[in-house]
Amino acid sequence: MTKLMTALIALLLIGSASAQQNSMPDMPRSTKQDQSAQSPQTNPQSMPGMQMPGDTKPNPQTQEPAAPQPQHGMQHMEMKTPEKIPSHVEDLQEPENPERKTGADLSVPDLLAGAKSEPAKKVTEFEQLGLQNNPTLKQAQALVQNSAGLARQAGLWPNPSLGYQGEQIRGGDFGGGEQGGFVQQNIVLGGKLGLRRNVFDQQRKADEIGVEEQKLNITGAVRVQFYSALAQLRTVEIRRQLLETALDAAATAHQLANVGQADAPDILQSEVEAEQAKLGFATAQRQYIQAFHQLAALVGEPNMPLALLVGNLESPPEIDADHAVETITQDSPSVKRAEQEAARAQAALKRDKREGVPDITLRVGEQQNLEEDPMTMRAVGAQSFATASIQIPIFNRNQGNVQAAKAELERNQQEVMRVKLDLARAAQPLVQQYLTDKLQAERYREQMIPRARRAYELYLQKYRNMAAAYPEVIISQRTLFQLQESYLQALAELWTSAIQLQNFLLVDGLTAPRATGSTSTQVNLPMGGSGASE
């Protein structure tokens with residue numbers, strides 16, 4: 001009988017110890033009986049605010065998560081923030097090795113503290129600054145002025161010539177001769193001046209389209225950079241919440257260690273996760289600072305003080321995906337500019353065909369004839385003269401330039417087709433990317449995040465009702481944060497693809513504008529006779 005009673009008592013003790021260990025499936029179980037005897041409150045769920053990161057550890061017998069055991073006094077428990085549960089990592093001693101201490105608990109500075117004192121900025125403010133300060137827009141406007149000046153110069157008449165003319169000038173006793181002055185003017189025929197001016201007028205129109213093209217480039221680049229920075233700012237807030245969760249879990253591990261329910265590996269692991277969260281938070285802040293300064297440089301204000309951004313990240317532009325490619329290939333300023341350059345080439349061909357028409361050179365003058373008239377024995381006196389000359393286009397009819405102009409026209413006409421095909425090729429993957437990003441954002445917003453939030457709320461309620469272990473709450477909370485961060489990334493990518501499609505793929509705000517045709521200032525020089533074309 002004594003042996004039977006002894007066996008029953010041993011079985012009861014083993015069952016009690018097993019139940020006590022199973023009540024904390026996510027913690028390494030303590031095998032020291034003296035700790036169990038000296039610390040009666042060893043269940044972490046019976047301690048207010050105690051939290052541990054990580055998954056629930058499986059039962060070594062069944063390889064399945066051990067069911068949490070209900071404990072008394074948990075219905076009034078609340079999760080506490082790191083501010084309520086301070087973490088003194090540098091004071092922690094490993095339970096197995098009291099002489100060994102862990103590293104210092106280093107804080108993470110708030111790099112955006114100064115930005116919060118600055119007024120928050122909207123995307124419209126950056127767009128105005130970009131259109132006002134961006135040098136590429138001023139370059140594009142200068143090209144328009146250049147073409148307008150060339151058009152004016154190409155249509156100017158050649159300057160007249162004023163000269164002296166003397167004939168039969170003799171000295172001695174005879175004296176006499178004919179001396180006087182003349183005015184000479186080249187008369188440009190065939191409407192060549194108007195045709196020359198029209199070439200540069202067409203060039204000016206192409207450059208004006210280039211100005212609109214550059215405006216879209218600037219506003220598109222500003223919007224892409226702004227909403228990318230805004231998504232990064234939202235990521236900073238998510239990382240801040242993740243950091244608070246990790247610090248809370250580390251503080252919980254410290255409290256568990258104080259009552260003998262956590263050993264060194266658990267505490268060190270929680271500290272590692274906290275340090276990772278600190279690094280993630282610091283990295284997110286640095287990435288936002290970088291994105292903000294890139295945005296400031298894009299709008300011509302590289303020394304702009306760091307500030308926060310405000311905008312509606314959840315409402316990206318709506319794109320008609322079915323007709324997006326067709327709209328881009330028909331209405332893009334790049335296509336219109338290529339068509340206008342073809343019109344300029346057509347005007348140049350028409351001009352070169354007319355350049356074979358010769359000009360007339362007229363000369364009129366007045367001179368004094370000093371020779372004596374044998375009849376009157378007096379000087380003949382004043383007399384007038386006039387000459388006219390014209391070149392005969394026998395050898396040079398400008399046929400070589402006409403041939404070159406035809407080839408240039410053909411090249412520009414094919415350039416229109418090339419630009420359309422290139423835009424269609426580049427727009428197709430953007431349309432698919434837009435649809436993919438839109439689907440991801442919708443699924444995150446309407447399906448995954450609501451479910452993850454509800455799962456977190458349910459786990460939290462079960463934890464408060466003693467039906468779930470706290471690590472399950474931590475896991476569900478992390479999952480919610482991670483989904484929110486992925487949602488922000490999807491929104492940023494959605495904004496990028498939508499803006500590119502909306503702006504006809506023009507989102508490069510610092511690329512120098514391309515000049516159309518000639519920018520030479522050697523057109524129709526004042527001393528160039530009848531006038532040079534280009």
Legend entry - Shortest non-hydrogen contact between Arg239 and Phe281, atoms and distance: CB-CA, 3.9 Å
Inset, instruction - Would you name the heavy atoms of Tyr487 and Ala441 that are closest together and state the gap between them? - result: CE1-O, 3.4 Å
Legend entry - NZ/NE/NH1/NH2 to OD/OE distance under 4.0 Å, Lys278 and Glu275: yes
Legend entry - Main-chain N/O of Ala492 paired with Thr496 side-chain donor or acceptor, under 3.5 Å: yes
Inset, instruction - Using distance alone, with no hydrogens and no angle criterion, decide if Glu472 and Tyr459 have a side-chain donor and acceptor under 3.5 Å apart. - result: no
Inset, instruction - Dump the intermediate steps for side chain to side chain contact (heavy atoms under 4.5 Å, CB included) on Met304 and Leu129, then the final yes or no. - result: CA-CA 11 Å; Met304 179 184 295; Leu129 286 174; 3.6 Å; yes
Legend entry - Under 3.5 Å donor-acceptor, Asn146 side chain and Ala142 backbone: no
Legend entry - Val419 vs Thr329 side-chain heavy atoms within contact, under 4.5 Å: no
Inset, instruction - Could you tell me whether a side-chain N or O of Gln214 sits under 3.5 Å from a main-chain N or O of Thr511, the two making a donor and an acceptor? - result: yes
Legend entry - Sub-4.5 Å side-chain heavy-atom contact between Ile328 and Leu501: yes
Inset, instruction - Determine the minimum heavy-atom distance between Ala246 and Ala277, stating which atoms define it. - result: CB-CB, 3.7 Å
Legend entry - Salt-bridge contact Glu341-Arg514 (side-chain N to carboxylate O under 4.0 Å): yes
Legend entry - Pair Thr516-Arg344, side-chain donor/acceptor within less than 3.5 Å: no
Inset, instruction - Could you tell me whether the side chain of Leu308 reaches within less than 4.5 Å of the side chain of Lys121, counting heavy atoms only? - result: no
Legend entry - Donor-acceptor pair between Glu213 and Ser334 side chains, under 3.5 angstrom: yes
Inset, instruction - Determine whether the side chains of Gln482 and Arg478 contain a donor N or O and an acceptor N or O closer than 3.5 Å. - result: no
Legend entry - Inter-residue atom distance Arg286.CZ - Leu111.CG, 0.5 Å rounding: 4.5 Å
Inset, instruction - Check Leu505 against Leu430 and note the closest heavy-atom contact, atom names and distance. - result: CG-CD1, 3.9 Å
Legend entry - Side chain Ser497, main chain Glu493, donor-acceptor under 3.5 Å: yes
Legend entry - Separation of Glu339 CD from Asn412 CG (nearest 0.5 Å): 11.5 Å
Legend entry - Worked check of salt bridge (Lys or Arg N to Asp or Glu O under 4.0 Å) between Glu237 and Arg234: CA-CA 5 Å; Glu237 297 305 317; Arg234 300 283 179 84; over 6 Å; no
Inset, instruction - Specify the closest pair of heavy atoms between Leu494 and Lys438, including all atoms of both residues, with the distance to one decimal. - result: CD1-N, 3.6 Å
Inset, instruction - For the pair Arg223 and Val123, evaluate side chain to side chain contact (heavy atoms under 4.5 Å, CB included) and give the outcome as yes or no after the intermediate values. - result: CA-CA 7 Å; Arg223 290 173 186 171; Val123 64; 4.1 Å; yes
Inset, instruction - Kindly compute the distance separating CD1 (Ile319) from CD (Gln500), expressed to the nearest 0.5 Å. - result: 11.0 Å
Inset, instruction - Check whether any side-chain heavy atom of Gln285 sits under 4.5 Å from a side-chain heavy atom of Gln290, and report yes or no. - result: no
Legend entry - Test item: side-chain donor near acceptor, Ser147 and Asp207, under 3.5 Å: yes
Legend entry - Carboxylate-amine/guanidinium contact Glu125 Lys122, below 4.0 Å: no
Inset, instruction - Check the angle between the aromatic planes of Phe126 and Phe292 and answer parallel, tilted or perpendicular using the 30° and 60° thresholds. - result: perpendicular
Inset, instruction - State the CD-CG distance between Glu118 and Leu112, to the nearest 0.5 angstrom. - result: 12.5 Å
Legend entry - Thr219 side chain to Glu127 side chain, donor-acceptor N/O pair below 3.5 angstrom: no
Inset, instruction - Apply salt bridge (Lys or Arg N to Asp or Glu O under 4.0 Å) to the pair Glu208 and Lys205, showing each step before the final yes or no. - result: CA-CA 5 Å; Glu208 288 174 347; Lys205 293 179 181 179; over 6 Å; no
Legend entry - Distance-only side-chain donor-acceptor flag, Asp248 / Thr245, under 3.5 Å: no
Legend entry - Min side-chain heavy-atom separation Lys116-Asp110 under 4.5 Å: yes
Inset, instruction - Taking Ser117 for its side chain and Gly114 for its backbone only, find out whether a donor-acceptor pair lies under 3.5 Å. - result: yes
Legend entry - Side-chain heavy-atom pair Leu423, Phe504 within 4.5 angstrom cut-off: no
Inset, instruction - Compare all side-chain heavy atoms of Pro317 with those of Trp495 and state whether any distance is below 4.5 angstrom. - result: yes
Inset, instruction - Let me see the working for Gln330 and Lys336 under side chain to side chain contact (heavy atoms under 4.5 Å, CB included), right down to the final yes or no. - result: CA-CA 8 Å; Gln330 290 181 354; Lys336 294 181 179 179; over 6 Å; no
Inset, instruction - Would you check if the side chain of Asp437 reaches a backbone N or O of Ala490 as a donor-acceptor pair within less than 3.5 Å? - result: no
Legend entry - Minimum heavy-atom distance between Asn134 and Gly509, given as atom pair plus value: ND2-O, 3.0 Å
Legend entry - Distance (rounded to the nearest 0.5 Å) between Gln141 CD and Thr136 OG1: 9.5 Å
Legend entry - Audit row: Leu506, Lys215, side chain to side chain contact (heavy atoms under 4.5 Å, CB included) steps and yes/no: CA-CA 9 Å; Leu506 299 173; Lys215 287 181 179 179; over 6 Å; no
Legend entry - Sub-4.5 Å side-chain heavy-atom contact between Gln340 and Arg337: no
Inset, instruction - Quick one: pull up CG in Asn133 and NZ in Lys138 and give me the separation to the nearest 0.5 Å. - result: 6.0 Å
Inset, instruction - Could you tell me whether the side chain of Gln225 and the main chain of Ala291 form a donor-acceptor pair under 3.5 Å? - result: yes
